[in-house]
Protein chains: 2
Amino acid sequence: MSDSGDPGVRWLSPDEQRAWQDYRQLKRLLDAQLARDLVRDTGLSEADYDALSTLTEVDGQRWRASELAARLEWSTSRLAHHIGRMERRGLVARENCDTDGRGAMITLTEEGLQTIRRAAPAHVASVRHHFVDRLTPEQLEQLSDIARSVVDHLPTPRT
Amino acid sequence: MSDSGDPGVRWLSPDEQRAWQDYRQLKRLLDAQLARDLVRDTGLSEADYDALSTLTEVDGQRWRASELAARLEWSTSRLAHHIGRMERRGLVARENCDTDGRGAMITLTEEGLQTIRRAAPAHVASVRHHFVDRLTPEQLEQLSDIARSVVDHLPTPRT
DNA sequence: TCGCAGTTGTTGACATGACAGGAAGGTGAT
DNA sequence: ATCACCTTCCTGTCATGTCAACAACTGCGA
């Protein structure tokens, strides 16, 4: 669509176009590869992995639902659906919250714990193989800077 | 999970961890913002936009379904479902292929053409505002190099 | 010409996640 | 204590995308 006649539109230059397309390609292919590796090696989706590994971050592997959703940057609706599915698979459990009758506590089951312990090395190896080890330390730092430049100017969806 | 006792696992260093997390954050938030802008400004999803703008790439806005799927890097199943939905909205049309009885040709309708003509400036402005204009020319080039370093080492899903 | 393996596209079943709406519990002013 | 309002979580519904199965058709070798 860059051949439109509208002179008021600042179309992307070839270099800009290329950077944008390369980023989109990276996103598409890298994510697909990591998801394939993860499900092949562990039977987990990326969402499963994120949820389980976040649960291990605190002692007792016990999170208030709303805090887990905030940490994962998930809507509470998404959390409820996903936790429901993981509960049916025996990876997590729901308990009542002592101090707030509305609240729900999400905990790791023993099976969930075993699962994430088994999954983590494989997933880290996959991230390393397909991403970290492909880039120099300088490139990793450049990417961090780039990502934060963009993210910092995004309208904050936070709280 | 970086505190596991397994000495055979090469966990990510803090810098590596940060680059990986920053990349994931970029992906999540930037994509969400662009999708929000696009649907607000034009009523299209990113998939809709990609399909429509790819259709304009050739004379006559007429693609063989399998080639359109390949160009978009979509499965033929995804294409069939998505084209079906866009057809119901009047944006595209299906025709038979003259030279191959199995084939389908996908074309832009007049409404589809009007829609993408109207959408393109808004979407480019959004990409510019949230992405291109946040980065220096050097950073755009760095990002291209980074993306291609990673993508080039991925197992080729290509044909 | 026949027959059959390979291609092309569609469909149905299912998983995921967004959004809206609602139930249940908490909080604060009066 | 009451009542209005907020918070927290869950559920139904819908859009999207994946996978497997299938139908229709092509093209090639016998």
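Values in this document were obtained by computation on a predicted structure and should not be read as measured data. Below, chain A is the first sequence line, B the second, and so on; all start at residue 1.
B:Ala80 comes within 4.0 angstrom of a nucleotide base, judged by non-hydrogen atoms across all strands. The residue A:Ser66 sits close only to the backbone: its heavy atoms come under 4.0 Å of sugar-phosphate atoms, none of a base.
Checked for salt-bridge contact, B:Asp48 and B:Arg89 meet the test: a charged N lies under 4.0 Å from a carboxylate O. Between A:Arg18 and A:Asp22 there is a salt bridge, with a side-chain nitrogen of the basic residue lying less than 4.0 Å from a carboxylate oxygen of the acidic one. Taking a cutoff of 4.0 Å between a charged side-chain nitrogen and a carboxylate oxygen, A:Asp41 and A:Arg36 do not qualify as a salt bridge.
In this structure, A:Ser126 contributes its side chain and A:Ala122 its backbone to no donor-acceptor pair below 3.5 Å. Using a distance-only test at 3.5 Å, with no hydrogens or angles considered, no donor-acceptor pair links the side chain of B:Arg71 to the main chain of B:Thr54.
Relative to the side chain of B:Arg78, the nucleotides D:dT11, D:dC9, D:dT18 differ in distance, and D:dT18 lies closest. Checked against D:dG17, D:dG12, C:dG9, the side chain of B:Thr76 finds its nearest nucleotide in C:dG9. The listed nucleotides are D:dT18, C:dA18, C:dT10; the one nearest the side chain of A:Ser77 is C:dA18. The side chain of A:Arg102 lies closest to C:dG25 when the candidates are D:dC10, C:dG17, C:dG25. Ranking C:dG12, D:dT26, C:dG26 by closeness to the B:Asp100 side chain, first place goes to D:dT26.
Distance CG (B:Asp50) to P (D:dT16): 13 Å, rounded to an integer number of Å. When the P atom of D:dT18 is taken as reference, atom CH2 of B:Trp74 falls 10 Å away, rounded to whole Å. Rounded to an integer number of Å, the gap from B:Ile106 CD1 to C:dT8 P is 14 Å. Look at CD on A:Glu87: it is 9 Å from P on D:dC10, rounded to the nearest Å. One can place CZ of A:Arg64 at 9 Å from C1' of D:dT7, the figure rounded to the nearest angstrom. A:Arg36 has its CZ atom 17 Å from the P atom of D:dG17, to the nearest Å. In this structure, A:Ile83 atom CD1 and C:dG17 atom P are separated by 12 Å, rounded to whole Å. When rounded to the nearest whole Å, the span between CE of B:Met105 and C1' of C:dG9 equals 14 Å.
Not one side-chain nitrogen or oxygen of A:Arg85 sits closer than 4.0 Å to the OP1 or OP2 atom of C:dA15. For C:dT10, the OP1/OP2 oxygens have no side-chain nitrogen or oxygen of B:His81 closer than 4.0 Å.
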